[in-house]
K.L.:
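What follows is a single structure, and I will ask about it in a moment.
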Amino acid sequence: MLGRLSIDALPLYSWVAMTGAFVTIAGALSVLGLVTWMGKWRYLWTEWLTSVDHKRIGIMYVVLALVMLMRGFIDALMMRSQQAIALNSEGYLPPDHFDQIFSSHGTIMVIFMAMPFLTGLINIVVPQQIGARDVAFPFLNSLSFWLTAGGAGLVLVSLVIGKFSTAGWTGYPPYSGIDYNPYVGVDYWVWSLVLSGVASTLTGINFIVTILKMRAPGMTLMRMPLMTWTALCASLLMAFAFPALTVAGGMLELDRLFGMHFFTNDAGGNIMMFANLLWIWGHPEVYILILPAFGVFSHVVTTFSGKRLFGYASLVYATIAIMILSFSVWLHHFFTMGSSANVNAFFGIATMIIAVPTGVKVFDWIFTMYRGRIRFHTSMLFTLGFLVTFVIGGVSGVLLAVPPVDFLMHNTTFLVAHFHNMLIPGALFGYFAGFQFWFPKAFGFRLDERWGNRSFWCWIIGFYLAFMPLYYLGFMGMPRRMEHYSVADWQPHLIVAAAGAALILVGIILMIVQLVVSVRRRDELRDLAGDPWNGRTLEWLTSSPPAPYNFAVIPEVRGLDAFHELKERGVAYVRPDHYEDIRMPKNTACGLLIGGCAFVFGFAMVWHLWWLAVISVLAGLVVVVFRGSQDETEYTMSAQEVEAIENARYEQLAKAPRPEFDEEEEVIPGAPLRGGVM
């Protein structure tokens, strides 16, 4: 009846594990208690949990990402502190627990922090940038989120019931096979990846259709904002790359459950097939994470430099080139695993070539800033920090693209430093910049810049302290993933790395302080015009936060930087002659229910609760049939309702302050002031 569940599933093997379980349970109960105390369950259900509004789904994605960022960073801090004190001693983490931590850290940060963060930003911004009222498939959008949340839930539950994988975040066989890892950790890992993989594939398909089919009149492909272009390329990569991860996870689980031999070296199996499938997903995944951040940087640079983006066409073509080339470099992740010299040479050259379009982007951003009137907003600071730091990581990547060098450095901390040197400034700094940049669009008030700037300096200094010593340790020959060591010369560098991680923790705390301070000062920081930065693209034409339909009248695009062009012509805020009825999707609980059934199914499969697995599948099928049988999935918002919302919007515009900028290119004589009404 209980499958593999027993009292031994509780985290009694380590005081650290027990503390983690307690914090997880206490956090969940605190949230539930707070919502109950505030009497917000009905509001939470009707406005958020059952919403299919792309903006609200995007915000929920970002909230999930920030929660998982805290969870994943705690793992990183524990690893760094363990290594700092583990010279000729066992430290405070048992080896088995240390293995769980580095496995969960990588899985959480890549799959359940970075992916939800970028998906959330795309959800909030892209439909507005292309002049659309929603995404192509609103229900599919909700389902994708709840499947992702279900996968994240499995990772969090593994803290409380059972253990997480000890096979690393890449889960290579034979370490992840049933012979070496018979307990539930790998199963938690597999089912969380399967749920998130399906969700990301659906998200990719949704946004491909949205961007290609729902653009405003006149918005040709070469008039799309850079964020939309990078979202399109990332979505194409999601649709083609994530199925490889889902299939690899499913095949590994078949090996574990039914004794099949996809990834063994006997009975016809092949261990290397798993490595190929994983990295056929894994290297495009790097660019799935980074490309949307490149889109954020493009918008931040042009907005806070007060200039048109330099080399728009070259940035578009560079993005497309990166997307295509990302499928040609996966084998450099296992140069050391026995491929021929010719194969290694091909993938080494391809890896060097993919650096070229990235270099083009860096020069375009620098030339955009050249002779611009730069405003050092927090998002601009993260962008400048990215430009310097990311180039260092790129140079180290080109070095690792040389197979003989990779043979020496592959399993050392040099690779750890390189990987984080690409993803923290290249992706996470971009998400933070986008968070600071579009926060007023999502919530209607700006974030406090003073605390944001303080957080940035802790992040950038902490990053250099945490990861630059790992490059040096790699040259000294320190292997990665070491739980303890006996080389005294390594310890000073590991202490510095731990200090850097602690400073990053301060940066995270300051971001929380920034949120609290901004909420308290929200009336003072209110964005009445919907355009706090004197923006250039269509999302700044909508109110802050936007109406459910985004645009009462779909704008007509006549050129690049559509909103800036409307302001130049003095027609950005002209009232239409009349409003029309708007069809909007209805809220539904079906996405939440299917995601919940998927979570229960994954948990049941982990613990071999076959009866619960059958019930969850049947319940999910009932919800799918119910949803498919619904004829009316939309409602009509009348023209009178739209007009009332727009009248309130124009009243806000009339109260909006004058621009605080003095930029010749942006403030056009004779045009209405930002927030002015014609």
Side-chain angles (χ1 to χ4, degrees), residues 118 221-222 224-237 240-241 279-302 309-335 342-370 383-406 409 414-415 417-427 429-430 471:
L118 76 89
L221 289 176
M222 292 307 290
M224 293 197 312
L226 252 297
M227 181 65 183
T228 302
W229 261 113
T230 56
L232 175 60
C233 291
S235 298
L236 286 164
L237 290 176
F240 284 98
W279 289 113
I280 284 172
W281 159 80
H283 204 86
E285 166 67 2
V286 172
Y287 292 102
I288 291 171
L289 301 180
I290 287 177
L291 285 178
F294 285 176
V296 173
F297 295 133
S298 298
H299 286 270
V300 169
V301 165
T302 185
L309 193 63
F310 182 91
Y312 168 84
S314 64
L315 282 165
V316 170
Y317 296 137
T319 301
I320 296 172
I322 290 171
M323 176 188 70
I324 295 171
L325 289 170
S326 68
F327 278 106
S328 67
V329 296
W330 83 87
L331 195 130
H332 73 219
H333 288 274
F334 45 96
F335 275 151
N342 289 336
V343 170
N344 283 350
F346 172 85
F347 283 93
I349 293 169
T351 304
M352 296 177 191
I353 291 173
I354 203 171
V356 174
T358 306
V360 170
K361 285 175 173 284
V362 170
F363 282 111
D364 281 338
W365 292 321
I366 292 173
F367 286 133
T368 300
M369 290 186 287
Y370 177 65
T383 301
L384 294 172
F386 148 78
L387 281 173
V388 175
T389 311
F390 187 77
V391 169
I392 296 172
V395 171
S396 67
V398 172
L399 183 63
L400 288 172
V402 181
V405 174
D406 189 75
M409 312 304 298
F414 187 95
L415 184 62
H418 160 72
F419 186 74
H420 288 82
N421 206 163
M422 301 302 289
L423 286 189
I424 291 181
F429 280 15
Y471 280 119

K.L.:
Check whether any side-chain heavy atom of Asp364 sits under 4.5 Å from a side-chain heavy atom of Leu309, and report yes or no.
P.N.:
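Asp364 vs Leu309: side chains apart.
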K.L.:
If I take atom CG from residue Asp406 and atom CG from residue Asn344, how far apart are they, to the nearest 0.5 angstrom?
P.N.:
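Those atoms lie 8.5 Å apart.
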K.L.:
So, do Phe335 and Leu400 sit near enough that their side-chain heavy atoms are less than 4.5 Å apart?
P.N.:
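No. Closest side-chain heavy atoms not under 4.5 Å.
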K.L.:
Search all heavy atoms of Ala293 against all heavy atoms of Gly430 and return the closest pair with its distance.
P.N.:
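Smallest heavy-atom distance, with atoms named: CB-CA, 3.9 Å.
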K.L.:
Decide yes or no for Tyr312 and Leu226: does some side-chain heavy atom of the first lie under 4.5 Å from some side-chain heavy atom of the second?
P.N.:
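Sidechains of Leu226 and Tyr312: in contact.
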K.L.:
Please report the closest heavy-atom contact between Ser326 and Val329, naming both atoms and the distance.
P.N.:
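Of all heavy-atom pairs spanning Ser326 and Val329, the closest is O-CG2, 3.6 Å.
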K.L.:
Rounded to the nearest 0.5 Å, what's the gap from CD1 on Ile424 to CZ on Phe419? Could you check?
P.N.:
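Ile424 atom CD1 to Phe419 atom CZ measures 9.5 Å (nearest 0.5 Å).
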K.L.:
Whether the side chain of His332 engages the backbone of Thr351 through a donor-acceptor N/O pair (distance < 3.5 Å, no angle test) should be reported.
P.N.:
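Side chain of His332 to backbone of Thr351: no pair is present.
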K.L.:
Ignoring hydrogens, what is the shortest heavy-atom contact between Pro284 and Ala241? Give both atom names and the distance.
P.N.:
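Taking every non-hydrogen atom into account, CB-CB, 3.9 Å.
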K.L.:
With side-chain contact (heavy atoms from CB on, under 4.5 Å) as the criterion, how do Leu236 and Met323 come out once you've worked through the C-alpha distance, each side chain's angles and the decisive distance to 0.1 Å?
P.N.:
CA-CA 8 Å; Leu236 286 164; Met323 176 188 70; 3.6 Å; yes
K.L.:
Grab the two heavy atoms, one from Gly397 and one from His418, that are nearest each other, plus how far apart they are.
P.N.:
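Closest pair (atom of Gly397, atom of His418, distance): CA-CE1, 3.1 Å.
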K.L.:
In terms of relative ring orientation, are Phe386 and Trp365 parallel, tilted or perpendicular, with 30° and 60° separating the classes?
P.N.:
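Rings of Phe386 and Trp365: perpendicular, over 60°.
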K.L.:
When rounded to the nearest 0.5 angstrom, what is the spacing between CD1 in Ile290 and NZ in Lys361?
P.N.:
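Going from CD1 on Ile290 over to NZ on Lys361, the span is 11.0 Å.
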K.L.:
Just checking Phe347 against Phe334, ring centres under 6.0 Å apart?
P.N.:
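No, too far apart.
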K.L.:
Can you tell me how far the CZ atom of Phe294 sits from the CG atom of Leu315, to the nearest 0.5 Å?
P.N.:
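That separation rounds to 10.0 Å.
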K.L.:
What's the shortest heavy-atom distance between Thr319 and Cys233, and which atoms?
P.N.:
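Smallest interatomic distance, heavy atoms only, reads CG2-SG, 3.6 Å.
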K.L.:
Supply the atom-to-atom distance Thr230 OG1 to Phe297 CZ, rounded to the nearest 0.5 angstrom.
P.N.:
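Here the rounded value is 11.0 Å.
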K.L.:
Just jot down the side-chain hydrogen bond (donor to acceptor under 3.5 Å, both in side chains) partners of Trp281, sequence neighbours excluded, or say none.
P.N.:
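If we apply the side-chain hydrogen bond (donor to acceptor under 3.5 Å, both in side chains) test to Trp281, skipping adjacent residues, there are no hits.
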K.L.:
Does Thr302 use its side chain to pair, donor to acceptor, with the backbone of Ser298 at less than 3.5 Å?
P.N.:
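Answer holds: no.
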K.L.:
Under 4.5 Å between any side-chain heavy atoms of Tyr317 and Val360, yes or no?
P.N.:
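The answer is no, as the side chains (C-beta and beyond) never meet within the 4.5 Å cut-off.
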K.L.:
So Val316 and Ile320, do their side chains get closer than 4.5 Å, heavy atoms only?
P.N.:
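Answer yes - side chains close enough.
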K.L.:
Relative to each other, are the rings of His283 and His333 parallel, tilted or perpendicular (30° and 60° limits)?
P.N.:
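Judged by the thresholds at 30° and 60°, the geometry between His283 and His333 is tilted.
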K.L.:
For the CZ atom on Phe240, are there more than 12 heavy atoms of other groups (residues, nucleotides or ligands in this structure) within a distance under 6.0 Å?
P.N.:
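No.
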K.L.:
Under 4.5 Å between any side-chain heavy atoms of Met369 and Phe310, yes or no?
P.N.:
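No; the side chains remain at least 4.5 Å from each other.
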K.L.:
Let me see the working for Leu232 and Met224 under side-chain contact (heavy atoms from CB on, under 4.5 Å), right down to the final yes or no.
P.N.:
CA-CA 10 Å; Leu232 175 60; Met224 293 197 312; 4.2 Å; yes
K.L.:
Kindly compute the distance separating CD1 (Ile288) from OG (Ser235), expressed to the nearest 0.5 Å.
P.N.:
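If we round to the nearest 0.5 Å, Ile288:CD1 and Ser235:OG are 9.0 Å apart.
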K.L.:
What is the minimum heavy-atom distance between Ser328 and Phe346, and which atoms define it?
P.N.:
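Closest pair (atom of Ser328, atom of Phe346, distance): O-CE2, 4.2 Å.
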K.L.:
Any sub-3.5 Å donor-acceptor pair from Trp229's side-chain atoms to Met222's backbone N or O?
P.N.:
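It does not hold such a pair.
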K.L.:
Check whether Asn421 reaches the backbone of Gly394 with its side chain - one donor and one acceptor, N or O, closer than 3.5 Å.
P.N.:
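No, Asn421 side chain to Gly394 backbone: no donor-acceptor pair under 3.5 Å.
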